Amino acid sequence: AAALWRSFQVAALKMIGYLLSYLALYIIFAYALQRDWLTQSSVLGVIWAGLAIAVIQTYLIAGNLFVLEDDRFTSFSSPQLFAAFLLCGLSLLLFSGEGGPWRAITVPVLLLGILLTGSRYALLGMLAVLAMYWAARMFRAGSAKGAIAVLFKGGAGVLLVCGLLAVFLSYKTDSRLRDRSAR
């Protein structure tokens with residue numbers, strides 16, 4: 001609707017298509033999860049492959065074309081798109097219903113990876129996903145005692161994430177997450 005009175009109708013139409021692609025991807029992923037075509041081990045494999053490529057691309061390749069500013073963590077895409085990939089992987093892992101040691105290792109690595117991309121919208125998305133996961137766990141606790149236990153565990157998680165963010169921002173003073181301008 002906002003595109004009707006603006007002079008950028010083509011750009012707005014492209015953005016609508018971009019947002020509709022998220023809806024289509026959600027339908028595809030939901031269908032794949034229902035049919036067990038998409039498993040936690042396949043998601044973990046894709047995430048770790050993406051992280052390995054990003055480490056090579058960001059830190060080992062001289063003259064990296066995709067890391068143009070501030071040595072932001074990425075693979076063969078812009079840091080914002082890579083952050084969206086990591087955020088999707090985090091969502092799939094948290095809401096898959098499965099646990100395990102690899103998931104327990106991968107989730108904090110994904111949180112760190114999202115911070116290293118320097119993407120502000122992915123940081124907000126990460127916080128939203130973690131809040132939704134926490135709320136869902138509280139509602140599924142089954143009892144008030146279980147909900148309180150989840151509340152305290154989640155509170156510890158919030159402190160951990162905030163501490164990780166504070167340490168990261170104090171160490172990486174040139175991070176885009178500290179930049180208040182909208183570049």
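The structure displayed is predicted, hence computed values, not measured ones. Position 1 is the first residue of the sequence, and the numbers go up from there.
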J.: Do L87 and I28 land in one hydrophobic cluster if side-chain heavy atoms of ILVMFWY residues count as linked below 4.5 Å?
T.: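 They do not share one cluster, since no chain of ILVMFWY contacts under 4.5 Å joins L87 to I28.
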J.: Any heavy-atom pair between the side chains of L111 and L86 that's under 4.5 Å?
T.: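 Counting from C-beta outward, L86 and L111 never come under 4.5 Å.
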J.: For G113 and F73, which heavy atoms make the closest approach, and how far apart are they?
T.: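 In terms of heavy atoms, the two residues are closest at O-CD2, 3.8 Å.
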J.: List the atom of S75, the atom of F82, and the distance in Å for their closest heavy-atom pair.
T.: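 For S75 and F82, the tightest heavy-atom pair comes out as OG-CD1, 3.3 Å.
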J.: Can you list the residues that meet the side chain to side chain contact (heavy atoms under 4.5 Å, CB included) rule with A131, with sequence neighbours excluded?
T.: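 With sequence neighbours excluded, A131 shows a side chain to side chain contact (heavy atoms under 4.5 Å, CB included) to no residue whatsoever.
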J.: Could you walk me through whether Q80 and R120 satisfy the side chain to side chain contact (heavy atoms under 4.5 Å, CB included) test, starting with their C-alpha distance in whole Å, then the side-chain angles of each, then the deciding distance to 0.1 Å, before giving a yes or no?
T.: CA-CA 9 Å; Q80 292 85 356; R120 293 174 285 208; over 6 Å; no
J.: Roughly how far apart are L25 CG and L20 CG, rounded to 0.5 Å?
T.: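 If we round to the nearest 0.5 Å, L25:CG and L20:CG are 11.0 Å apart.
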J.: What residues, two or more places apart in sequence or in another chain, satisfy side chain to side chain donor-acceptor pair (under 3.5 Å) together with Y31?
T.: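 Residues passing side chain to side chain donor-acceptor pair (under 3.5 Å) with Y31: R35.
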J.: Transitively linked via ILVMFWY side-chain contacts under 4.5 Å: Y121 with L130?
T.: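 Different clusters.
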J.: Determine, stepwise, if the pair L93 / I47 fulfils side chain to side chain contact (heavy atoms under 4.5 Å, CB included).
T.: CA-CA 10 Å; L93 283 182; I47 289 170; 3.8 Å; yes
J.: Determine, using the 4.5 Å side-chain heavy-atom cutoff (strictly less than), whether V43 and W37 are members of one ILVMFWY cluster.
T.: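 The answer is no; the residues belong to distinct hydrophobic clusters.
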J.: At what distance, to the nearest 0.5 angstrom, does CG of L110 lie from CG of L115?
T.: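 Going from the CG atom of L110 to the CG atom of L115 covers 11.0 Å.
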J.: Using the test side chain to side chain contact (heavy atoms under 4.5 Å, CB included), find all partners of L124 that sit at least two apart in sequence or belong to another chain.
T.: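 Residues passing side chain to side chain contact (heavy atoms under 4.5 Å, CB included) with L124: none at all.
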J.: Could you pull out the closest heavy-atom pair between I114 and L90, with the gap in Å?
T.: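 Nearest heavy atoms, I114 then L90: CD1-CD2, 4.4 Å.
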J.: A side-chain contact here means heavy atoms from C-beta on lying under 4.5 Å apart; do V55 and L51 qualify?
T.: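 Answer no - side chains too far apart.
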J.: I need the C88 SG to L92 CG distance, nearest 0.5 Å.
T.: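 With rounding to 0.5 Å, SG (C88) is 7.0 Å from CG (L92).
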J.: Between T74 and S77, what is the shortest heavy-atom contact and its length?
T.: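 Distance-wise, the nearest heavy atoms are OG1-O, 2.6 Å.
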J.: Looking at residues at least two apart in the chain, or sitting in another chain, which of them share a side chain to side chain donor-acceptor pair (under 3.5 Å) with T39?
T.: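 Scan of T39 (side chain to side chain donor-acceptor pair (under 3.5 Å), adjacent residues dropped) gives S41, S42.
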J.: Quick one: side chain to side chain contact (heavy atoms under 4.5 Å, CB included) partners of V46, sequence neighbours excluded?
T.: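 Result, side chain to side chain contact (heavy atoms under 4.5 Å, CB included) vs V46: F85.
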J.: Which pair of heavy atoms, one from A83 and one from T117, lies closest together, and at what distance?
T.: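 Reported closest heavy-atom pair: CB-OG1, 3.3 Å.
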J.: Please check if atom CH2 in W48 has more than 12 non-hydrogen atoms from other residues, nucleotides or ligands closer than 6.0 Å.
T.: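 Buried by this count: over 12 neighbours within 6.0 Å.
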J.: Give the table of side-chain donor-acceptor pairs shorter than 3.5 Å for residues 134-161, with sequence neighbours excluded, one pair per line with atom names and distance.
T.:
residue : atom : partner : partner atom : Å
W134    : NE1  : V150    : O            : 3.1
R137    : NH1  : Y133    : OH           : 3.0
S143    : OG   : G146    : N            : 3.1

